[in-house]
Amino acid sequence: MFAYTLKRLAQMIPALLGIIVITFILSRVLPGDPAIMLAGEQAPEETVNKIRQDMGLDKPLYIQFFSYFGQLFQGNIGYAYHTGHSVASDLATRFPATLELTIASILIAILVAVPVGIIAATRKESILDHISRVFSLIGACVPIFWLGLMFIYIFYSILGWAPAPMGRISGDLNPPAHITGLYVLDSLLSGDMMALKSSIVHLVLPAICLSTGTMAIVARMTRSSMLEVVDQDFVRTARAKGLKESAVIYKHALVNALIPTLTVLGLQFGYLMGGAVITETIFSWPGIGGYVTDSILAADYAPIQAFTLVSAILYCGINLAVDLIYGLIDPRIRYE
Amino acid sequence: MKKVKLLSTLTAFSIMLAGCASSANPQTPAATSAAEGTAAPAAAAKPFLTVAYSEGGTTLDPAEANDLTSDTLVLAAYDQLVTYGIKADNGANIANTEDIKPMLAESWETSGDNTVYTFKLKPGVKFQSGNPVDADSVVYSLDRVAKSSSGSFLYGMAAIKTVTAKDDSTVEIALTNANHNFLQILAMYTFSIVDKKSVEAQGADYLKTHAAGSGPFTLEKWDPATEAVFTPNEDYWQGAPKLGKVTMKFTKEASNRVLLLNKGDVDMAIEIPPKDVDSLKSNSNLTVASNASNRILFFAMNNKVKPFDNEKVRQAINYAIPYDELLTGVMYGQAKQMKSSVASNTPGFSDAGYVYEHNLDKAKELLKEAGYEKGFTFDFTLGSGFDDWEDDAVLIQAELAKIGVTMNINKLARAQFLEQQKTKNLTSYISKWTSFVNDPGYHLGFLMYGKGSSNYNNYQNAEVDKLWEQANTETDATKRAELYKQAQEIITTEAPWAYLYEYNRIVGMNNKISGYAFYPDEVIRFYPLSIQE
């Protein structure tokens, strides 16, 4: 398995190189001139040209690419003109925010959707199955921006249960000591109970909002793969051995049904990391999604390139992790 | 099953821990234990102010700042040599940009031909670092503007030739020619005076993310993703600020800013959607300041492209615009009809020659005279990012259809739109404009002067050019205003644009806030603000 992991890691290198080249070219062919965006609308042509020179955009594309590539090798991922900070520092503050939000929403999705999927499958065509189907349908269809605004309106504005939608922690508290950048984890690790409470409270609504789509998909996936499994011989054998129904379902059927669900979860994780834009905007969550959208709108190349690269690494990593977990769940899967 | 149990136990445990919440957040200063921005905690004597902004800003460097948030950050931390006066207008305080007051400069003298200004600095003024504000710093600051990317054009616009330190507290600025806008430009955030010694000690990039000024507030934190926090400069030479802390919260979603303001979680919010103004006004804790700004919106027609090269066609479009619908239906009354290419707040504004009203018969008649009796089809480019533009375009499209004119709306992303606009080939588009310098010369020089750098719809009129050039060197304000008036009248008659409206600047705030004044650059100055308990 160790050799397999190494091999997989080595295979990532050409993929990542390809991504670096493609992202570089794509960001250049994006419409919009960063110099115009930076200079402001009232700046005359000379100002725009001066900025273009300062940014090195007047040089041929291949020279720009080699200078970018060279800097990348020195660990310099550039400067974000639209925030005035280095991309590395922007990513360092924003990536953990999105990661925390994504992990929370995946956890919520698993905790809700897997049991729902099991219930729906074991009580096929019952009223519970129909209810879960309707909920999945709603979860998959409801637009996140609408749900988010409704959540804020109901839980913050009317009921006053939720905190103001202004970031990850209440404004009068300092963030917990920086260990991982994930506020909930950091405040647990540093024993900062006030920060823990505040960051959990701030996390709940955006995480639920973001998890709805995943919840629907995972619930449907669990249901259908459970249905496939429960009719198979080994389940019948388990029942014939006289095992309790719960043991049959959870120990035998579920473990075998989890593989497709896991695949979906791996894909969803990557999707959520990039797709958190709307949730982040609505809840003023200082994450990476909004940052990248702003970068694209401002034609700010360095953060777009850096984000794509980091996501690609993350995506490859998650894929590898999912593949390795297959082996843990199903002993029939072996790696050579 | 074990894993599920473990997970739920963990979750329950963390919720339980959160519920206790007895142990203190060790980083929390005792002074901020009360709800932020509302009541002042016992430990701090002065109230806190929280303001919601939409964007997080791009730089703290005064010479490079050119977006609203960055400008606001700069003006809170820096002083300039001179500043604008304030006048009362219908019970509201608004800046008087023609009335230039001393700030870091105590006084100034002008040479007979108005090409040399000698500034005497106020004695004893110190930067936040403790270094004295001296002539060297002034020279350094202005030289930075000259070399900057974004601000250098203003340096040219001010016609500055040389800046020299005569002695520690005297600075001489020589101009290439007499320029009546010089002092007005010098009062802008771009020309903030930076602490030379601090900056040189810290390195070139220091000012991008740090402030080194003599201003009323010290920047404690700036994170474009979340907030900027200012603490008062207690040693400020004009007296310590009346606020204990200013927090700018960056909240992109406009409806959230409205909610936060309504609930009292922020004391002030900008960029309120016009449709929400009435609901905010019904909240008795809030005041909504809605001032006519210098931000204008116009429908530009390319004067070199058929059929808009025909004056009568452009006039016909002017008669077909449903002005009332735009003002009430799109802007909910938070805008004012525009009647000249110059904003009505600008000194020297004149609506002479303005005849247009919504009159489709007149429009048809003009089209007939122009030889387009059966109408025509044209391309209209809509830049994204502004909700009202889209509504305006659709309403105008519908009205034009009634006179046989087909308007094809092509949508473009903002960055792409700005790039296209610069090619001067767009047939027609909607665009907004705010003149940083509140003067018709500055304004028309960009937009209507033949060689104007933002004259993207190719308006050319030799007489307007001559009037503008004459006015530019005219030192007598009354004569100058007369020249600008003539120019505006010609432009209005020739109709290179259809005038749409002038935006109001809407700021929602808690009733307890006083000292708010409106400035044409739309930047809120925090120093004069105070909160009554």
Side-chain angles (χ1 to χ4, degrees), chain A residues 30-33 36-47 50-51 54 81-85 90 93-94 97 107 111 149 152-153 156-157 164-167 170-177 184 188 190-197 200-201 250-251 281-282 284 286 290-291 297-299, chain B residues 1 7-8 11 14-15 17-28 32-37 50 56-60 66-67 70 149-150 152-153 208-209 223-227 247 249-253 255-256 259-260 262-263 265 412-416 418-419 422 433 436 446 453-454:
Chain A
L30 264 183
D33 181 343
I36 296 179
M37 299 301 285
L38 196 65
E41 285 164 63
Q42 298 191 14
E45 198 59 34
E46 305 90 73
T47 308
K50 187 175 187 303
I51 294 178
D54 292 348
Y81 290 93
H82 81 285
T83 64
H85 289 68
D90 277 346
T93 57
R94 291 164 199 250
L107 282 180
L111 288 177
L149 290 175
I152 291 173
Y153 183 65
Y156 164 67
S157 193
M166 287 195 293
S170 156
D172 52 358
L173 287 180
N174 281 346
V184 174
L188 267 177
S190 59
D192 186 345
M193 289 309 124
M194 280 170 82
L196 179 67
K197 186 182 177 191
I200 289 180
V201 166
Y250 292 111
K251 274 215 169 111
T281 308
I282 290 174
S284 297
Y291 177 65
L297 289 177
Chain B
M1 189 61 197
L7 251 178
S8 48
T11 318
S14 53
I15 290 171
L17 276 180
C20 307
S22 51
S23 73
N25 176 344
Q27 287 84 34
T28 309
T32 58
S33 56
E36 190 179 42
T50 311
T58 60
T59 182
L60 286 174
N66 66 10
D67 65 280
S70 302
S149 292
S150 299
S152 52
F153 83 95
K208 280 181 183 167
T209 47
D223 172 12
T226 51
E227 61 183 11
T247 309
K249 285 277 183 193
F250 307 131
T251 304
K252 191 163 255 174
E253 183 66 33
S255 63
N256 279 353
L259 282 180
L260 290 169
N262 249 327
K263 289 274 282 184
D265 277 320
L412 281 187
R414 179 111 187 107
Q416 200 180 357
L418 292 177
E419 206 179 15
K422 283 229 188 266
W433 183 273
F436 293 150
F446 270 105
S453 60
S454 299

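Just so it is clear: chains get the letters A, B, ... in the order the sequence lines come, proteins before strands, and each one is counted from 1.
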> Using 0.5 Å steps for rounding, measure from the OG atom of B/Ser255 to the CD1 atom of A/Ile282.
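The distance works out to 7.5 Å.
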> Taking A/Gly167, A/Ser157, A/Ser170 one by one, which has the highest count of heavy-atom pairs under 4.5 Å against chain B?
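Top count of heavy-atom pairs under 4.5 Å with chain B: A/Ser157.
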> With the side chain counted from C-beta on, respond yes when A/Met166 and B/Glu227 share a heavy-atom pair under 4.5 Å apart, and no when they do not.
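No; the side chains remain at least 4.5 Å from each other.
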> For A/Ala39, is it the side chain, the backbone, both, or neither that has a heavy atom closer than 4.5 Å to a heavy atom of chain B?
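Answer is backbone: N, CA, C or O of A/Ala39 sit under 4.5 Å from chain B.
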> Pick whichever of B/Leu418, B/Asn256, B/Thr59 has the most heavy-atom pairs under 4.5 Å with chain A.
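Max contact count across the listed options: B/Asn256.
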> Using the rule given for side chain to side chain contact (heavy atoms under 4.5 Å, CB included), can you reason through B/Arg414 versus A/Leu297, listing the C-alpha separation, both sets of side-chain angles and the distance that settles it, and then say yes or no?
CA-CA 7 Å; B/Arg414 179 111 187 107; A/Leu297 289 177; 6.0 Å; no
> When rounded to the nearest 0.5 angstrom, what is the spacing between OG1 in B/Thr58 and NE2 in A/His85?
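These two atoms lie 11.0 Å from each other.
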> Please confirm whether the backbone N or O of A/Tyr156 pairs with a side-chain atom of B/Lys263, one donor and one acceptor, at under 3.5 Å?
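It does hold such a pair.
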> Quick check for you: to the nearest 0.5 Å, what is the distance between B/Leu259 atom CG and A/Tyr153 atom OH?
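Result: 8.0 Å between the selected atoms.
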> I'd like to verify something: which residue of B/Gly56, B/Gly57, B/Ala413 has the highest number of heavy-atom pairs under 4.5 Å with chain A?
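The candidate making the most pairs under 4.5 Å is B/Gly57.
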> What are the two closest non-hydrogen atoms of A/Gly84 and B/Thr209, and how far apart are they?
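Scanning both residues completely, I find the closest heavy atoms to be O-CG2, 3.4 Å.
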> At their closest point, which heavy atom of B/Ser149 faces which heavy atom of A/Ile51, and how far apart are they?
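That would be CB-CG1, 3.4 Å.
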> With sequence neighbours left out, write down each residue that passes side-chain contact (heavy atoms from CB on, under 4.5 Å) with B/Ser454, or none if nothing qualifies.
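For B/Ser454, the residues satisfying side-chain contact (heavy atoms from CB on, under 4.5 Å) (neighbours in sequence not counted) are B/Trp433, B/Phe446, B/Leu447, B/Tyr456.
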> With only heavy atoms counted, which part of B/Phe250 is less than 4.5 Å from chain A, the side chain, the backbone, both or neither?
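Contact with chain A: backbone only.
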> Answer yes or no: is there a side-chain heavy-atom contact under 4.5 Å between A/Leu149 and B/Glu253?
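In contact.
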> By ring-ring contact (aromatic ring centres under 6.0 Å, His included), which residues pair with B/Phe153, not counting sequence neighbours?
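Scan of B/Phe153 (ring-ring contact (aromatic ring centres under 6.0 Å, His included), adjacent residues dropped) gives none.
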> If you measure from CD on A/Glu46 to OG on B/Ser152, what distance do you get to the nearest 0.5 Å?
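Rounded to the nearest 0.5 Å, the CD-OG separation comes to 9.0 Å.
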> Quickly, which of B/Lys422, B/Gln416, B/Glu419 forms a side chain to side chain contact (heavy atoms under 4.5 Å, CB included) with A/Asp33? Name it, please.
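Option passing the side chain to side chain contact (heavy atoms under 4.5 Å, CB included) with A/Asp33: B/Glu419.
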